[in-house]
Amino acid sequence: MDETRNFIHDAIEDDLAPGGRFEGRTVHTRFPPEPNGYLHIGHAKAICINFTTAEKYGGLCNLRFDDTNPTKEDVEYVDAIEQDIRWLGFDWGDRLFFGSDYAQFIYDTAEAFIRKGLAYVDDLSADEMRAMRGTLTEPGKDSPYRNRGVAENLDLFRRMKAGEFEAGAKVLRARIDMASGNLNLRDPAMYRIKKESHHRTGDEWCIYPMYDFAHPLQDAVEGITHSLCSLEYEDHRPLYDWVVAHADLADKPRQIEFARLNLTNTVMSKRKLLELVTRGLVDGWDDPRMPTLRGLRRRGYTPASIRTFCDRIGVSKVYSTVDSAFLEHCLREDLNANARRVMGVLRPVRLVVENYPEGRVETFEAENNPERPEDGTRTVPFARELWIEADDFAEEPPKGYFRMFPGNEVRLKHAYVVRCTGCVKDADGRVVEVRCTYDPATRGGDTPDGRKVKGTIHWVSAAHAVDAEVRLYDSLFSVPDPDATEDRDYKELLNPDSLEVLTGCKVEPSLADAVAPASYQFLRIGYFCVDNRPAAPGRLVFNRSVALKDSFKGGKG
RNA sequence: UGGGAUGUAGCCAAGCGGCAAGGCACGGGACUUUGACUCCCGCAUCCGCAGGUUCGAAUCCUGCCGUCCCAGCCA
């Protein structure tokens, strides 16, 4: 983590250098979510950047809920957000803050701005204000209330606070420059009237500060040195600096913007994610196909894999969309190293070992993880009748196929080498049973005579197998960039095959008591986790986190 | 002549005047009791384009082109 570099680190090191803006200071960042929705992988990037940047320089990172708009925010999200950040493994110590806690301070600062002639109360309606703001290419016009005296402004502002005016009747505006090329500087609103209960301050206030006024003050009060945010705030930086410059505070935090994360085959906007949930297009915020942290968690993503991902995608100011395959790669890397291997048959077909005595059962020791010998072994039972993957048998093998087909030898992982003798089909010609004979000399799967057996397949003893439901997930959208397709509603681009539910799957008995959040590698298939929503007693549900890579390019098996 | 950013491989991304890192994806090979993992090899004579400065430019200068963001009393 120390060797990663980006332009933010460069900027911080300049600031810390002798003569720099923050020479001798402790680097202090913050993650400032608005409690109006669940966190997603895009937030994870911001969380990682803020926490790891502070850590890199021996600094601190605060968690601050940016709750300045009572109409959109809810306490229910606060807990969820805290949980998700903790789950990722970050710790804000005792530095949990709420923007609303600074309400009085921000209000006092607003009065100070009024006294300095930097703000005025405007009676214009929202529509009138918009009409007078000008356009991208034309300057705006001064409001007729722009030159009210300090005393009148102060009086009006206090009466706004006292609740004398209805919502929308008046706003406090910064007095900057109605002709600025930067629209954010055309006398932006600083305070608006909202007669609504706030999730923390209740009915104490009926005026609430706007982000542009509140955020820089919150940063400054907390002693934030580097306020890291996304690119769309670049245009707001002059305003941020303006507020900070005129506020009566020693600290002058520096805002630095970076590009937010986009991922292929998914959407990241809160609005769209919310719509997917409310329309029932997914199974809630924690649907394993959702890019929310809760969705990823339920999918089987580990905190480590997400942090590695965020670390490796880098930080820059270029609008970018990262290939989801890279996120999957990071998950496989983590799970390959840490997930125990088991055998599970998703689409079972019966295999009968003709020369194996009926009723006989023997057991084999199977390694739990070849990448971690210290994880030891487990016992798997073997008998005459087994389940194997339907895909692992082909009456007429495609080119390059080296699994089970008549006459071919294949190894049953950990057990014996068997030779396929044929199959039994039903009236419709469907294979219902595969037949084979085993070579007793190959116990454990070795070939004492040194002969090569190319194929190795997984299996489960029919008599000992445990039934399970397996959910196969794929990408939520069938196109790389659902947001970019303007001629079609993004909901039409949902991948119809993003979920396939398989019942009657057969897994080895060691999985009988598996509980979330355990992850396993089902040999030769992929990584699966126990679904973290409570299943009916005795029922096992596995979610596929990500499939194993498969370099077999032959025809369908 | 609105303002602010940004263009390095299919996708991320280093690079900061000395002769194009790395990862993902992809292709080939080795190994293999997972067609996984691992390991090799390949993958930008070129850095949006055009000029210029320089012994030397992706890095500096000029011009052009493309893309993104901004007209909430949202954040």
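Every chain is numbered from 1 and lettered A, B, ... according to where its sequence line falls, protein lines coming before strand lines.
In this entry B/G66 has B/U6 as its Watson-Crick or G-U wobble partner, both defining distances falling under 3.5 Å.
Atom CD in A/E508 sits roughly 16 Å away from atom P in B/U34 (whole-Å rounding). Put simply, CZ on A/R332 is 15 Å from P on B/G35, counting in whole angstrom units. In this structure, the CD1 atom of A/I457 is 17 Å from the C1' atom of B/U32, given to the nearest Å. Spacing between atom CG of A/N6 and atom C1' of B/G15 amounts to 14 Å, rounded to whole angstrom units. The NE2 atom of A/H329 sits 13 Å away from the C1' atom of B/U38 (whole-angstrom rounding). Atom pair A/Q521:CD and B/A36:P shows a separation of 11 Å (rounding to whole Å applied).
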>> Let's go through A/D15 and A/R254 carefully: what are the C-alpha distance in whole Å and the side-chain angles of both, what is the deciding distance for salt bridge (Lys or Arg N to Asp or Glu O under 4.0 Å) to 0.1 Å, and is it a yes or a no?
In response: CA-CA 10 Å; A/D15 291 341; A/R254 194 229 281 215; 2.9 Å; yes

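Against the 90° criterion about 0, the sugar-base torsion of B/G72 places it in the syn range.
For the P atom pair drawn from B/C24 and B/G18, the interatomic distance equals 29 Å after rounding to whole Å.
No close placement of the A/Y208 and A/Y107 rings is indicated, their centers lying 6.0 Å or farther apart. For A/F382 and A/F364, the ring centers sit closer than 6.0 Å to each other.
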>> Please encode protein proximity along nucleotides 68-74 of chain B as a string of B, S and -, counting only heavy-atom distances under 4.0 Å.
In response: -BBBSBB

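By the ring-ring contact (aromatic ring centres under 6.0 Å, His included) test, A/F213 is found to be paired with A/F113, residues two or more places apart in sequence or in another chain being considered. With sequence neighbours excluded, the residues satisfying salt bridge (Lys or Arg N to Asp or Glu O under 4.0 Å) with A/R148 are A/D123, A/E152.
Scanning atom types as modelled, one donor and one acceptor separated by under 3.5 angstrom connect the side chain of A/R403 and the base of B/G35.
Contact record, A/E275 with A/Y490: OE1-OH, 2.6 Å, taken as the closest heavy-atom pair.
Among the atoms of the strands shown, none is found under 4.0 Å from any heavy atom of A/P238. Residue A/T264 is classed as having no contact, given no heavy-atom separation below 4.0 Å to the nucleic acid. Counting non-hydrogen atoms under 4.0 angstrom, A/R341 reaches a base of the nucleic acid.
Between A/S316 and B/U6, a side-chain N or O to OP1/OP2 separation shorter than 4.0 Å is absent. Remark: A/K549 is in phosphate contact with B/C37, judged by side-chain N or O atoms under 4.0 Å from OP1 or OP2. One finds no side-chain N or O of A/H458 lying less than 4.0 angstrom from the OP1 or OP2 phosphate oxygen of B/U34.
Comparing A/K45 and A/G455 along RNA chain B, the residue whose closest nucleotide (by nearest heavy atom) sits nearer the 5' end is A/K45. Each of A/D446 and A/V315 was assigned the nucleotide of RNA chain B with the nearest heavy atom; the assignment lying further toward the 5' end belongs to A/V315.
Using modelled atom types, one finds a donor on one side chain and an acceptor on the other under 3.5 Å when comparing A/Y416 with A/E362.
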